[in-house]
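A short worksheet on the structure shown next.
Below, read A as the first sequence line, B as the second, and so on, with proteins coming before strands; counting in each chain starts at 1. Any value given below was found using the heavy atoms of this structure, including those in side chains, with hydrogens, waters and symmetry copies removed.
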2 protein chains.
Amino acid sequence: MIQINTGDSRPIYEKVKDSLRQLIISGALGADSKLPSVRELAVSLTINPNTIQRAYRELEQEGYIVSVPGKGSFVSRDRSALEARKVKLTEQLLALAAEFDELGVTREELAAIIKEERDT
Amino acid sequence: MIQINTGDSRPIYEKVKDSLRQLIISGALGADSKLPSVRELAVSLTINPNTIQRAYRELEQEGYIVSVPGKGSFVSRDRSALEARKVKLTEQLLALAAEFDELGVTREELAAIIKEERDT
DNA sequence: TAACTGTATTAATTCGGTTAGTACAGTTAA
DNA sequence: TTAACTGTACTAACCGAATTAATACAGTTA
């Protein structure tokens, strides 16, 4: 369900968050889908349950999932988190664009890159 | 010359690297410009010389600067590092675009954002 | 009742980042 | 030549975040 072996050295709980967020945004995990239990996922990834719990807790704070003691964790029904994600990604995009500016890459060139490299 | 107080919690040496890289790319520090000495910059930023040395060493590995024992560190004359930077930023850009895709933001919309938000 | 959920808490550990101190060799100007 | 700079190297210590480990408790479900 999730792969954590990305070479980067970021914290494990961040990788778990990113993987789950991606699954939710892409629709692979639809609204109300039941996530694996904290202990279950911990075993399958061979990491500590506390680490999974941290990922779940933060994903809940961000609005992607809802956790219910005794029942489990589920993909949130409301999509407000997706809007927040858009805002965040847009900030990153503009920061990137500013860096390209200083490298002498025009906005037109950037736009071209985005439109052309559609199949990656 | 450099500010390190950006709220993020990234390593100090990374912030120093980013600051200097930005100054070099923007042209604020032209080719052959002399950088502050390791000890000098360490004092002015109130951090350990070892931390500065690490930033300088990595900037040299990336091709932005050249360090000469006894003389100092200088902005590199050849611009190959800038091309490498472009490649790296382009990778980041395409990764971002892929995320926008899944959020339902079209490439045309992305291009529009890039062109419109010119003054940020 | 038994087996599952999420949650909370505390302690120990691991590891990268950072500091501290010292040392050495090359450069430069008085 | 000497003094004061440079970059560089090395070791030891420290700090804090990430992670593991071990329990414990309360709600849910079959």
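- For A/S19 (side chain) and A/K15 (main-chain N/O), a donor-acceptor pair under 3.5 Å exists by modelled atom type.
- Side-chain proximity of A/Y13 to the nucleotides C/dT18, D/dT19, D/dG7 is greatest for D/dT19.
- The side chain of A/Y56 lies closest to C/dG6, out of C/dG17, C/dG6, D/dT8.
- Look at CD1 on B/I52: it is 15 Å from C1' on D/dT6, rounded to the nearest Å.
- In this structure, the CG atom of B/L59 is 13 Å from the P atom of D/dG7, given to the nearest Å.
- Paired runs in DNA chain D that reach 3 or more consecutive Watson-Crick or G-U pairs, where each pair keeps both distances under 3.5 Å, cover C:1-30 with D:1-30.
- Closest approach of B/E99 to A/L89, counting heavy atoms only: CB-CD1, 3.8 Å.
- The separation between A/I4 atom CD1 and D/dT20 atom P is 11 Å, rounded to whole Å.
- Distance B/E60 CD to D/dT6 P: 17 Å, rounded to the nearest Å.
- Among the protein residues, B/E14 comes within range of no part of the nucleic acid, since none of its heavy atoms lies under 4.0 Å from any strand.
- We find that A/K115 and B/E108 are not joined by a salt bridge, their nearest charged nitrogen and carboxylate oxygen being 4.0 Å or further apart.
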Problem set entry | Where protein sits on nucleotides 19-30 of chain C, one letter per nucleotide: B base, S sugar-phosphate only, - none, heavy atoms under 4.0 Å | BBB-B--BSS--

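- An OP1 or OP2 oxygen of D/dG7 is reached within less than 4.0 angstrom by a side-chain nitrogen or oxygen of B/S73.
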For this session: Apply salt bridge (Lys or Arg N to Asp or Glu O under 4.0 Å) to the pair A/E91 and A/K88, showing each step before the final yes or no.
Result: CA-CA 5 Å; A/E91 289 172 1; A/K88 191 167 184 178; over 6 Å; no

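- In this structure, the nucleotide among D/dT6, D/dG7, D/dT19 sitting nearest to the side chain of B/E40 is D/dT6.
- Distance, A/R54 CZ to C/dG6 P: 18 Å, rounded to whole Å.
- Atoms CZ and CZ, on B/F100 and B/R107 in that order, are 10.5 Å from each other to the nearest 0.5 Å.
- No donor-acceptor pair under 3.5 Å is formed between the side chain of B/R39 and the backbone N or O of B/P36.
- Nearest to the side-chain atoms of B/Q53 among the listed nucleotides C/dT18, C/dA8, D/dT8 stands D/dT8.
- Of the possible polar contacts, one joining the B/E109 side chain to the B/T106 backbone as a donor-acceptor pair under 3.5 Å is found.
- Counting any heavy atom pair closer than 4.0 Å across all strands shown, A/S9 reaches no nucleic acid atom.
- Here A/D18 pairs with A/R21 in a salt bridge; the nearest charged N to carboxylate O distance falls below 4.0 Å.
- The structure places CG of A/L41 at 6.5 Å from CD1 of A/I47, a figure rounded to the nearest 0.5 Å.
- At whole-Å resolution of the value, CD1 in B/I65 and P in D/dT6 are 14 Å apart.
- When every heavy atom of B/S67 is checked against every heavy atom of B/S73, the shortest pair comes out as OG-OG, 2.8 Å.
- In this entry the distance linking NZ of A/K34 with P of C/dC4 reads 12 Å, nearest Å.
- One interatomic measurement links the two molecules: CZ of B/R57 to P of D/dC10, which rounds to 10 Å at whole-angstrom precision.
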